[in-house]
Number of protein chains: 2
Amino acid sequence: MTEKQRSIMRASIKLFATKGFHASSTAEIAKEAGVAEGTIFRHYKSKKDILLAVVAPVLVKFAAPFILRDIREIFNREAELSVAQIVTELYRNRLELIEANEKHVRILLQEAFFHDEIREALLSTVFRETRTLADQLINSRIEAGELRPLPSEAVFRAILSSLIGLVLFKHVTDRDGFAKRTEEEQIAITVDILLHGIANRP
Amino acid sequence: MTEKQRSIMRASIKLFATKGFHASSTAEIAKEAGVAEGTIFRHYKSKKDILLAVVAPVLVKFAAPFILRDIREIFNREAELSVAQIVTELYRNRLELIEANEKHVRILLQEAFFHDEIREALLSTVFRETRTLADQLINSRIEAGELRPLPSEAVFRAILSSLIGLVLFKHVTDRDGFAKRTEEEQIAITVDILLHGIANRP
DNA sequence: GTCTATAACTCGATAGAC
DNA sequence: GTCTATCGAGTTATAGAC
């Protein structure tokens, strides 16, 4: 990857995140990146290629760390971690990752509306793989009596919904300035509600 | 509003929802609407005008009271209904509304990513008012001992998160064909988990 | 229907690295 | 001398505009 290429990536991320893919012209990208327009097409065979190049690393990032790599480990070791602990760590980890990759996430979600490839990639990597691993964990914890005997699909949905809620509300309330509680407290309350919802009572 | 104008609106909504604003040309809109391209510019001074000056305000102004009306209605009967019943009805009602206005919802969400005006309008009308109404209900039910003494913000987030989860999963699993349960069952399980999470034990 | 701008994209020329 | 990254004028199609 040459310096120019990195520059094209940086410019594309900036423009796609703020104006969207369709509204950003290759001429703008070239200008923002400080390269000739032709240079863009030496490296990417089409404008859409730039988009996919921007989005791909994020998909990998979100599919790979923690949950996909470590959950199986945790699960196989008959872990000493409770579901509450796992979910808390999961939420922390995801919020951090989203914050660190905010622009990329924006682009990914925005363009998932329009491009089948991106939507499909998102579903088949992040979603499906996560779901498969989560199902194993959930079912084993149900058998162990830690969780209520609910359909694992519903439990998965509850866990993911709470995470999405945390992310959305963070952005909404941040901008409003009426978030009095710290993020750590928000996570704690959310996990408390979630666990009351899915766990067996002691 | 003339018949042609209505036709342009209808065509715009259809195209914007499926391809997005930038990917839809005025030529396409004209063709879809069965009018000459020039007609569009007699009514709207630019393409963006169709979106901002017409589509967005119409959506927000007409959608907001409509959305809130049902919520108010449901909340007004609150005395006789349990939180579980209220939330169940709310979810049914919202899912129905979203299904019936899928295209409008898509445009709103898509454009909310890019246009501050739309995002702000959504937040300051639908979101804030709903939140105010919900807060009253939640706090009164906490005082009555029906709900656990949690911050109403967190309870509101839990209720809304579950709804968002239902909507998202509906679209994902629909396309996957692995939704075995009916929507009514999905709602019931979701409400069950939610209520276990936020309600006091009997 | 027509005009003008601009979109994505091409390609021959160039220049420095080895 | 060849190779590879780069440039940027040039091409073609189509956009918005009226």
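In this text the structure is predicted, and so the values were computed from the model without any measurement. By convention in this document, chain letters (A, B, ...) are assigned in the order of the sequence lines, proteins followed by strands, and residues within each chain are numbered from 1.
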Q.
Short of 4.0 Å, heavy atom to strand atom, which residues of residues 29-47 of chain A count as contacting DNA chain C?
A. A:E37, A:G38, A:F41, A:R42, A:S46, A:K47

Q) Separation of B:K19 atom NZ from D:dT14 atom P, in whole Å? A) 12 Å

Q: I would like to know whether A:K48 and A:H115 meet side chain to side chain donor-acceptor pair (under 3.5 Å); could you show each step before the answer?
A: CA-CA 10 Å; A:K48 196 158 192 167; A:H115 307 278; 3.1 Å; yes

(Q) At less than 4.0 Å, is any side-chain N or O atom of B:K48 found next to OP1 or OP2 of D:dG16? Yes or no. (A) no

Q | NZ/NE/NH1/NH2 to OD/OE distance under 4.0 Å, A:E99 and A:K170 | A | yes

Q: Grab the CG-P distance between B:D49 and D:dG16 for me, whole Å please.
A: 14 Å

Q. Atom CD of A:Q5 and atom P of D:dT4: how far apart are they, to the nearest Å?
A. 15 Å

Q. Are A:K31 and A:E28 close enough for a salt bridge, meaning some N to O gap below 4.0 Å?
A. no

Q.
How many whole angstroms separate atom CG of A:L15 from atom P of C:dA8?
A. 11 Å

Q | Ring centre gap for A:F62 and A:F127 strictly below 6.0 Å | A | no

Q. Is it true that A:K47 and A:E37 have a side-chain N and a carboxylate O under 4.0 angstrom from each other?
A. no

Q. OP1 or OP2 of D:dG16 less than 4.0 angstrom from a side-chain nitrogen or oxygen of B:T26, does that happen here?
A. yes

Q.
Are B:Q110 and A:Q110 packed together at the side-chain level, in the sense that at least one heavy-atom pair is separated by less than 4.5 angstrom?
A. no

Q | Pairing of A:D192 and B:R148 as salt bridge, 4.0 angstrom limit | A | yes

**Q.** Ring centres under 6.0 angstrom apart (A:F113, A:F21)
**A.** no

Q. What is the distance from NZ of A:K4 to P of D:dT4, rounded to the nearest Å?
A. 19 Å

(Q) Show me, range against range, the stems involving DNA chain D, built from at least 3 consecutive Watson-Crick or G-U pairs below 3.5 Å. (A) C:1-18 with D:1-18

